[in-house]
Amino acid sequence: MAHLTSPDTALQASWLEAATEFDGARMDGAGLDGWELEDFKDPTVFAQLVQALANDAKPETVRRPGYVPCTYLWIVEGTTVLGSLAIRHHLNEFLLNEGGHIGYSVRPSARRRGHAAKALADALPVARALGIERVLLTCDEDNAGSRATIEKNGGRYEDSRNGKRRYWIGGGETAGPAR
């Protein structure tokens, strides 16, 4: 059974296999902005990525403008990395309109097996532990799989902005940003 785990250097080979399957497409929830995939073949660089992902959860970590503290988790089954998930600790303007609190992706060979739905279900208590009572999730208008994943986990559609459907999970019936 797949579960969420903290990024781990022991999973380098499987992580690289998963990342390669995306064939250059964006890996939502992976925290790879500014990194080159090819560089992660070097164990030292991969260890730097794992440390950077762990550090990003700390409020005092220096980050680029527009980025917020974020907890990164990997979706793993045994020793196979199936995907990644990011829990953003608070919303800025961009995240409120388009990005949401949680972003995730599942490697193409592991899709349509319920991994994203389970990972999201497992991430919601983590978000609550971080003080996020109402979780905003977004997906592209034409992403039926992500829409189903969000709705399966209780997502309530609020509206669409800039081609993104916006859903809230938790915190009562009233839609709107987490406080």
Under 3.5 Å donor-acceptor, Asn92 side chain and Gly66 backbone: yes

Expected output: side-chain Arg166 to main-chain Leu96 donor-acceptor under 3.5 Å: yes

Side-chain heavy atoms of Leu137 within contact of Ile169, under 4.5 Å: yes

Ion pair check, Arg26 and Asp33, cut-off under 4.0 Å: yes

SB check Lys41 Asp39 (cutoff 4.0 Å): no

Residues Glu98 and Lys164 bridged, charged N to O under 4.0 Å: no

Sole residue of Thr71, Val68, Asp56 in side-chain contact (heavy atoms from CB on, under 4.5 Å) with His89: Thr71

Between Thr149 and Tyr104, a side-chain donor and acceptor under 3.5 Å: no

Arg156 NZ/CZ over Trp168 ring centroid, <6.0 Å and within 45° of normal: no

Side-chain touch Thr80/Val76, heavy atoms, less than 4.5 angstrom: no

Spacing of Leu53 atom CG and Cys70 atom SG [to the nearest 0.5 Å]: 8.5 Å

side-chain contact (heavy atoms from CB on, under 4.5 Å) assessment of Leu91 paired with His101: CA-CA 7 Å; Leu91 300 176; His101 283 106; 3.5 Å; yes

Residues forming a ring pair (Phe, Tyr, Trp, His ring centres under 6.0 Å) with Tyr167, sequence neighbours excluded: Tyr157

Intermediate values then yes/no, side-chain contact (heavy atoms from CB on, under 4.5 Å), Val50 and Trp74: CA-CA 11 Å; Val50 168; Trp74 289 348; 4.1 Å; yes

Phe40 and Phe46 aromatic ring geometry - parallel, tilted or perpendicular at 30°/60° bounds: perpendicular

With sequence neighbours excluded, residues passing salt bridge (Lys or Arg N to Asp or Glu O under 4.0 Å) with Glu141: Arg165

Distance (rounded to the nearest 0.5 Å) between Leu136 CG and Asn97 CG: 9.0 Å

Minimal non-hydrogen separation, Ile102 against Ala123, with atom names: CD1-CB, 4.2 Å

Results of ring pair (Phe, Tyr, Trp, His ring centres under 6.0 Å) for Tyr72 - residues two or more places apart only: none

Separation of Thr61 OG1 from Asn55 CG (nearest 0.5 Å): 5.0 Å

